[in-house]
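Down below is the structure, laid out as structure tokens.
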Amino acid sequence: MAAQIQYADVEVGTVLPAASFPVSRATLVRYAGASGDFNPIHWNEEFAKEVGLPDVIAHGMFTMAEAIRVVTDWVGDPGAVVDYGVRFTKPVVVPNDDKGALIEVTAKVAVKLDDNRVRVDLTAMSAGQKVLGMSRAVVQLA
């Protein structure tokens with residue numbers, strides 16, 4: 001695979017297609033199995049509340065992974081992401097109902113770098129709160 005976006009076709013301020021990612025309790029259980037992270041704050045409502053959380057919360061790394069999908073879908077190659085980092089600012093609270101939670105992600109090109117690379121800044125929101133801060137990816141374009 002290779003990046004499908006041409007560096008010459010991108011300007012600072014280019015907005016990537018936004019996306020929303022639903023999260024249910026079942027999603028968290030599947031992620032726990034895949035990641036090996038069975039911390040009860042991610043699946044046990046009683047435990048989560050006992051430790052001061054409003055409810056079960058999504059894994060931070062799961063939230064981070066969902067957010068970068070906006071970039072990988074845009075560029076067409078997950079391997080084009082050469083650097084990615086975030087700060088976890090608020091948890092994604094996942095109620096035990098038929099709706100669960102929604103992670104809404106927007107992104108735009110913030111800086112054109114050397115060697116056909118760009119920095120993309122992402123905004124990830126859930127329930128009206130920013131859940132990732134300083135969310136930035138460096139992407140190698142064609």
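All heavy atoms count here, side chains included; hydrogens, waters and symmetry mates do not. Counting from 1, the numbers follow the sequence of the chain as shown. Since the structure is predicted, the reported quantities are computational estimates derived from the model, not experimental observations.
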Output, in order, the C-alpha distance, side-chain angles, deciding distance and verdict of side chain to side chain contact (heavy atoms under 4.5 Å, CB included) for L28 and H59.
-> CA-CA 7 Å; L28 298 182; H59 304 72; 4.1 Å; yes
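- Considering every non-hydrogen atom in both V131 and P91, the closest pair reads CG1-O, 4.0 Å.
- Side-chain contact between Q4 and V75 is absent, with no heavy-atom pair separated by less than 4.5 Å.
- Interatomic distance, OG1 of T123 versus NZ of K108, reported as 8.0 Å (0.5 Å rounding).
- Under the rule for a side chain to side chain contact (heavy atoms under 4.5 Å, CB included), the partners of D77 that lie at least two apart in sequence or sit in another chain are M1, A80.
- Relative ring orientation between F62 and Y31 is described as perpendicular, the plane-to-plane angle rising above 60° on a 0-90° scale split at 30° and 60°.
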List the steps, then state whether side chain to side chain contact (heavy atoms under 4.5 Å, CB included) holds for V94 with V92.
-> CA-CA 6 Å; V94 183; V92 175; 4.2 Å; yes
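- Using a distance-only test at 3.5 Å, with no hydrogens or angles considered, no donor-acceptor pair links the side chain of H42 to the main chain of V29.
- Taken to the nearest 0.5 Å, the CZ atom of F21 stands 9.5 Å off from the CG atom of L102.
- Between the side chain of Y7 and the backbone N or O of D114 there is no donor-acceptor pair closer than 3.5 Å.
- D37 contributes a side-chain N or O that, together with a main-chain N or O of N39, makes up a donor-acceptor pair within less than 3.5 Å.
- Considering only heavy atoms from C-beta on, I5 comes within 4.5 Å of W74 through its side chain.
- Under a hydrophobic clustering in which Ile, Leu, Val, Met, Phe, Trp and Tyr are joined whenever their side-chain heavy atoms come within less than 4.5 Å, directly or via other members, V71 and V10 fall into the same cluster.
- Under the 4.5 Å side-chain criterion, counting only non-hydrogen atoms from C-beta, M61 is not in contact with T63.
- Nearest approach of A124 to I103, heavy atoms of both residues: CB-CG2, 4.5 Å.
- Side-chain contact between V105 and E66: absent, with no pair of heavy atoms (C-beta onward) separated by less than 4.5 Å.
- Rounded to the nearest 0.5 angstrom, R87 CZ and M134 CE are separated by 5.0 Å.
- Looking at heavy atoms from C-beta onward, M64 lies in side-chain contact with Y84 at the 4.5 angstrom threshold.
- Looking only at side-chain heavy atoms (C-beta outward), V15 and T106 stay at 4.5 Å or farther from each other.
- Under a 3.5 Å cut-off, the side chain of Q140 and the backbone N or O of D115 do form a donor-acceptor pair.
- Of the possible polar contacts, none joining the K112 side chain to the A8 backbone as a donor-acceptor pair under 3.5 Å is found.
- Pairs engaging residues 42-60 under the salt bridge (Lys or Arg N to Asp or Glu O under 4.0 Å) rule: R25-E45, R25-D55, E45-K49 [sequence neighbours left out].
- When all heavy atoms of T89 and G133 are compared, the pair lying nearest together is CG2-N, 3.5 Å.
- The hydrophobic clustering, which links ILVMFWY residues whose side-chain heavy atoms are closer than 4.5 Å, places W43 and V23 apart.
- Residues V139 and L141 meet the side-chain proximity criterion, which asks for heavy atoms closer than 4.5 Å.
- Rounding to the nearest 0.5 angstrom, the gap separating the OG atom in S126 from the NZ atom in K90 is 12.0 Å.
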Tell me, with the steps shown, if V56 and N96 meet side chain to side chain contact (heavy atoms under 4.5 Å, CB included).
-> CA-CA 8 Å; V56 164; N96 191 21; over 6 Å; no
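- At least one donor-acceptor pair closer than 3.5 Å links the side chain of T14 to the backbone N or O of E11.
- With rounding to the nearest 0.5 Å, the separation of CG in L16 from CG in L122 is 7.5 Å.
- Of all non-hydrogen atoms in N116 and A142, the two that sit nearest each other are ND2-O, 3.5 Å.
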Stepwise side chain to side chain contact (heavy atoms under 4.5 Å, CB included) test for V138 and V118 = CA-CA 6 Å; V138 174; V118 295; over 6 Å; no
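- Rounding to the nearest 0.5 Å gives a distance of 10.0 Å between CG of L132 and CD1 of I68.
- For the pair A19 and V70, the tightest heavy-atom approach, listed with the atom from each and the gap, is CB-CG2, 3.8 Å.
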